[in-house]
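Since the structure comes first, as structure tokens, the remarks are kept for the end.
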There are 2 protein chains.
Amino acid sequence: MKLFDKKNIDFGMILTQHGLSKTSFRKILIELFYTKKYSLSVDEIITNLSFPIDKVSVYRALNAFEKNGLIHKVPDMANLIRYALCQSECSFEKHLHNHAHLLCSNCNETYCINDFKIPVVNECKGFIIDNLKIILEGSCVDCQQSYK
Amino acid sequence: MKLFDKKNIDFGMILTQHGLSKTSFRKILIELFYTKKYSLSVDEIITNLSFPIDKVSVYRALNAFEKNGLIHKVPDMANLIRYALCQSECSFEKHLHNHAHLLCSNCNETYCINDFKIPVVNECKGFIIDNLKIILEGSCVDCQQSYK
DNA sequence: CAATAAACGCAAATCAATTGCATTTATTGA
DNA sequence: TCAATAAATGCAATTGATTTGCGTTTATTG
């Protein structure tokens with residue numbers, strides 16, 4: 001269910017467009033995010049690379065990517081930080097992270113729910129909401145079917 | 001806006017009812033949760049106590065309280081762990097944590113939203129949700145008024 | 001009240017993430 | 001293109017939250 005053809009993407013260009021320098025590692029890192037459809041933790045990133053990389057460099061690259069609107073944090077239920085590609089509406093100037101995430105506890109696949117609206121509830125009265133963090137953990141369709 | 005009169009509560013009884021031993025510290029800890037209306041972090045708990053207590057003992061007591069359905073974790077936007085009293089529907093056997101939290105970024109007050117329903121969104125189709133983590137961060141009514 | 005179990009305090013370990021600094025790599029503009 | 005400048009990298013060390021081990025103290029149970 002890939003939404004893109006890797007051959008058609010200029011990863012260096014993506015970095016440049018987001019004001020990030022094109023180091024060999026960062027090109028491979030952004031390619032990894034486009035290749036893996038689910039969100040990635042630092043350890044998963046290192047495991048997926050074919051060369052040794054310092055964990056610190058991964059953290060710094062991820063922070064730079066996040067700062068410049070390329071990826072965003074997707075915390076899981078255990079308070080561990082994962083990262084996922086931003087939607088198209090994210091830009092250098094403005095992160096739109098006010099959407100919910102579906103996190104499959106089996107395969108770690110992350111789905112962004114873009115049409116999520118905060119439900120109006122009685123107890124919300126008067127509260128001004130600046131920021132959302134919504135994680136719905138469960139089983140994605142693929143993982144449900146693999147159990148049958 | 002206290003929902004109880006501290007004098008009428010037997011905190012030792014609450015511990016016993018949840019299968020927790022009645023040490024002097026734990027009685028004071030549970031009383032603190034009933035006294036403070038907002039959620040508490042480990043550091044806030046220690047600050048609020050009038051006697052020295054080892055941080056490890058706080059962690060262990062909180063873990064025991066959580067395990068036995070007395071309190072539950074309320075993570076904030078910065079992935080720091082806070083604890084809040086469980087609602088009445090929580091019990092030793094079953095934690096019902098599938099509710100959202102409003103977290104005031106000014107005063108740290110936490111409100112549990114019990115009538116929160118997962119909105120039906122297109123992208124949820126087929127996903128079986130086992131667990132929710134929903135934090136809405138913003139300004140509570142009191143803090144909005146204090147800015148006026 | 002004695003025997004047993006649990007909680008406590010202290011030291012040390014763990015784990016994720018960050019920081020400092022020297023070195024390497026990328027960007028830039030003449 | 002190449003030197004000057006800025007940024008990224010690797011390594012060591014640090015931070016901060018949380019956990020673990022263990023000997024001692026406190027609570028529970030009969």
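This is a predicted model, so every value here is computed, not measured. Protein chains get the first letters and strands the later ones, always in sequence-line order, with residue 1 at the start of each.
By the rule that hydrophobic residues join a cluster once side-chain heavy atoms approach within less than 4.5 Å of another member, A:Val56 and A:Phe25 end up as members of separate clusters.
In this structure, B:Phe25 places its CZ atom 10 Å from C1' of C:dA7, rounding to the nearest Å. Rounding to whole angstrom units, CG of residue B:Asn63 and P of C:dA7 are separated by 12 Å. Per the geometry, CD belonging to B:Glu66 stands 12 Å off P belonging to D:dT18, to the nearest Å. B:His18 places its NE2 atom 19 Å from the P atom of C:dA6, with the value rounded to the nearest Å. For the pair A:Ile81 CD1 and D:dA17 P, the computed distance is 14 Å after rounding to whole Å.
A:Ile53 and A:Leu49 make their closest contact through CG2-CD1, 3.5 Å (heavy atoms, listed as atom of the first residue, atom of the second, distance).
Here A:Arg82 pairs with A:Glu44 under the salt bridge (charged side-chain N to carboxylate O under 4.0 Å, His left out) rule; sequence neighbours left out.
For the atom pair OG of A:Ser139 and CG of A:Leu103, the computed distance is 10.5 Å after rounding to the nearest 0.5 Å. In this structure, B:Gln144 CD and A:Ile128 CD1 are separated by 3.5 Å, a value rounded to the nearest 0.5 Å.
Base pairing of C:dC21: its partner is D:dG10, meeting the Watson-Crick or G-U wobble criterion (both donor-acceptor distances under 3.5 Å).
Residues A:Leu62 and A:Ile45 meet the side-chain proximity criterion, which asks for heavy atoms closer than 4.5 Å.
Not less than 6.0 angstrom separates the ring centroid of A:Tyr83 from the ring centroid of A:Phe65.
Here the side chain of B:Val42 is nearest to one of D:dA8, D:dT20, D:dT18, namely D:dT18.
Of the residues in residues 44-55 of chain A, not one comes within less than 4.0 Å of DNA chain C through any heavy atom.
For A:Asp10 (side chain) and A:Gly12 (main-chain N/O), a donor-acceptor pair under 3.5 Å exists by modelled atom type. Of the possible donor and acceptor atoms, none in the side chain of A:Glu66 sits under 3.5 Å from a partner among the backbone N and O of A:His72.
Taking 4.0 angstrom as the limit, B:Tyr59 places a side-chain polar atom (N or O) nearer than this to OP1 or OP2 of D:dT18.
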For nucleotides 22-30 of chain D, list the nitrogen or oxygen atoms of the protein found under 3.5 Å from its nitrogen or oxygen atoms, one pair per line.
unit_1: D:dT28; atom_1: OP1; unit_2: B:Lys22; atom_2: N; d: 2.9

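Between B:Arg26 and B:Val56, the residue anchored nearer the 5' end of DNA chain C, judged by the nucleotide with its closest heavy atom, is B:Arg26.
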